[in-house]
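Encoded as structure tokens, the structure appears first; notes follow it.
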Amino acid sequence: MKKLFWLLFGTGLAIAVIAFTLSDNTLSYFFNFLLGLSTNIFGLIITISFAQKYIDTAETKNRKAAETNEILRHDRIMQQFILLYLEGYASIAIPNKLDVSEIHINVAEDDEFAFTDLAGMYDASLMIPKKGAKSSIEIYYENEEKLAKYVMNVIENVNFEFYPELLDTLTEFYRIYIKSDEKEIVLWPLTVDDLDNKKLIITAMTNMIKSKDNDWVAQNAKGKLNGNVMKSYVTLYLKAREERKLIAKYTQEINKVKLQNGQS
């Protein structure tokens with residue numbers, strides 16, 4: 001269509017130039033003929049321009065509809081992984097709560113997750129008895145990995161031409177996930193073979209987390225925990241809080257897409 005546009009434009013312009021070149025008394029007939037022809041060509045160009053604009057608009061609308069359907073199709077599965085993640089999150093952040101619905105998924109409101117709440121993360125989760133003897137922190141890491149892998153799958157398979165804010169949110173979640181390096185240290189006490197030593201180490205770490213004499217988060221912010229094992233626990237705490245906020249942000253954004261497309 002664009003090639004035709006420029007072909008007609010060039011032809012019309014050439015004819016118009018020739019017509020005005022011939023515009024004397026002896027060649028008035030040719031002048032009027034060529035001028036009329038060039039006028040018709042320019043009229044056709046205008047018509048083609050409007051047609052092209054309509055076609056482009058229709059194509060854009062179709063691309064957006066296809067992308068929206070793709071996003072909503074992936075979201076049906078995403079919601080299942082989000083629920084799993086929130087079960088793990090609640091297990092370490094709200095140890096005494098039994099229902100994931102008690103976590104406020106609202107980007108404008110933070111929950112009451114305090115660093116000291118991590119003290120129960122080596123205990124079996126009260127929320128997910130089906131996991132048996134697995135600790136809360138193990139469940140958190142398992143479900144975090146499942147969600148992160150699916151987030152990466154969505155990033156790779158959806159174009160996000162019309163919803164860049166969703167892409168930014170998902171990309172930020174995955175960035176936070178892959179840059180974290182605290183997992184090995186946090187899970188280490190659970191790998192100790194001797195049962196008595198394992199209990200001693202877990203008790204020691206639990207007491208350090210619960211300690212009222214040390215504000216570990218503040219110390220970390222001042223750079224005082226470099227080389228200290230507590231830095232890994234602070235990293236876990238800050239990461240989990242940020243991930244929850246990004247999930248809240250994603251939830252708000254995907255709900256807008258659903259409302260715009262007649263879904264609730």
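These numbers come from the heavy atoms of this one structure, side chains and all, not from hydrogens, waters or symmetry mates.
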Taking salt bridge (charged side-chain N to carboxylate O under 4.0 Å, His left out) as the definition, give me every residue that meets it alongside E144, ordered by chain and number, with sequence neighbours left out. K239
With side-chain contact (heavy atoms from CB on, under 4.5 Å) as the test, would you mind laying out the steps for Y237 and D117 before giving the verdict? CA-CA 9 Å; Y237 171 71; D117 290 329; over 6 Å; no
Pairs of donor and acceptor atoms involving the side chains of residues 205-212, under 3.5 Å and at least two apart or interchain, shall be tabulated with distances.
from	atom 1	to	atom 2	distance (Å)
T206	OG1	I202	O	2.7
N207	ND2	T203	O	3.2
S211	OG	D213	N	3.2
S211	OG	N214	ND2	3.4

Any I71 side-chain heavy atom under 4.5 Å of E67 side chain: yes
I'd like to know if L200 and L187 are part of one continuous hydrophobic network [Ile/Leu/Val/Met/Phe/Trp/Tyr, side-chain heavy atoms within less than 4.5 Å]. no
N69: partners by side-chain contact (heavy atoms from CB on, under 4.5 Å), with sequence neighbours left out: none
Ring pair (Phe, Tyr, Trp, His ring centres under 6.0 Å) with Y85: which residues, sequence neighbours excluded? Y140
Nearest atoms (heavy-atom pairs only) where S232 meets I185: OG-CD1, 3.3 Å
Once salt bridge (charged side-chain N to carboxylate O under 4.0 Å, His left out) is applied, what residue pairs with a partner in residues 215-236 remain, sequence neighbours excluded? none
Can you name the closest pair of heavy atoms from Y122 and P189 and give their distance? OH-CG, 3.5 Å
Between the CG atom in D123 and the OG atom in S136, the distance rounded to the nearest 0.5 Å is 6.5 Å
Could you note down all residue pairs passing salt bridge (charged side-chain N to carboxylate O under 4.0 Å, His left out) where residues 196-209 supplies at least one of them, sequence neighbours left out? none
State the OG1-CE distance between T235 and M230, to the nearest 0.5 angstrom. 10.5 Å
Going by side-chain hydrogen bond (donor to acceptor under 3.5 Å, both in side chains), name the residues that satisfy it together with E70, two or more places apart in sequence or in a different chain. R73
Should F113 and L118 be marked as a side-chain contact (heavy atoms from CB on, under 4.5 Å) after you check the CA-CA gap, both sets of side-chain angles, and the distance that decides it? CA-CA 9 Å; F113 179 20; L118 289 175; 3.8 Å; yes
Any heavy-atom pair between the side chains of M78 and L147 that's under 4.5 Å? yes
Nearest heavy-atom approach of S91 to E87 is OG-O, 2.8 Å
Distance-only donor-acceptor hits, side chain of residues 171-181, under 3.5 Å, sequence neighbours excluded:
from	atom 1	to	atom 2	distance (Å)
T171	OG1	L167	O	2.7
E172	OE1	R175	NE	2.9
E172	OE2	R175	NE	3.4
E172	OE2	R175	NH2	2.6
S180	OG	Y177	O	2.7

Can you name the residues that form a salt bridge (charged side-chain N to carboxylate O under 4.0 Å, His left out) with K183, not counting sequence neighbours? none
Tell me, please, which residues at least two apart from D168 pass side-chain contact (heavy atoms from CB on, under 4.5 Å). none
Quick one: list whatever passes ring pair (Phe, Tyr, Trp, His ring centres under 6.0 Å) with Y150, sequence neighbours left out. F81
Nearest atoms (heavy-atom pairs only) where A240 meets I92: CB-CD1, 4.5 Å
Find the distance between CG (D75) and OG1 (T68) and round it off to the nearest 0.5 Å. 12.0 Å
Hey, what do you get for CD (E243) to CZ (R241), rounding to the nearest 0.5 Å? 12.5 Å
So, do N228 and W216 sit near enough that their side-chain heavy atoms are less than 4.5 Å apart? yes
Stepwise side-chain contact (heavy atoms from CB on, under 4.5 Å) test for K258 and I254: CA-CA 6 Å; K258 292 176 180 178; I254 200 67; 4.2 Å; yes
Pair F160, L170 - check side-chain contact (heavy atoms from CB on, under 4.5 Å), show working. CA-CA 11 Å; F160 290 106; L170 294 175; 3.9 Å; yes
Atom NZ of K256 and atom CG of L166: how far apart are they, to the nearest 0.5 Å? 10.0 Å
State whether the side chain of N143 and the backbone N or O of L84 hold a donor-acceptor pair below 3.5 Å, judged by distance alone. yes
Flag the pair K249 and E165 as a salt bridge only when some basic side-chain nitrogen lies within less than 4.0 angstrom of an acidic carboxylate oxygen. no
Selection residues 147-163 - residue pairs positive for salt bridge (charged side-chain N to carboxylate O under 4.0 Å, His left out), sequence neighbours left out: R63-E161, E145-K149
Between N153 and N157, what is the shortest heavy-atom contact and its length? O-ND2, 2.7 Å
Atom pair CD/CG of Q219 and N226 - distance to nearest 0.5 Å: 11.5 Å
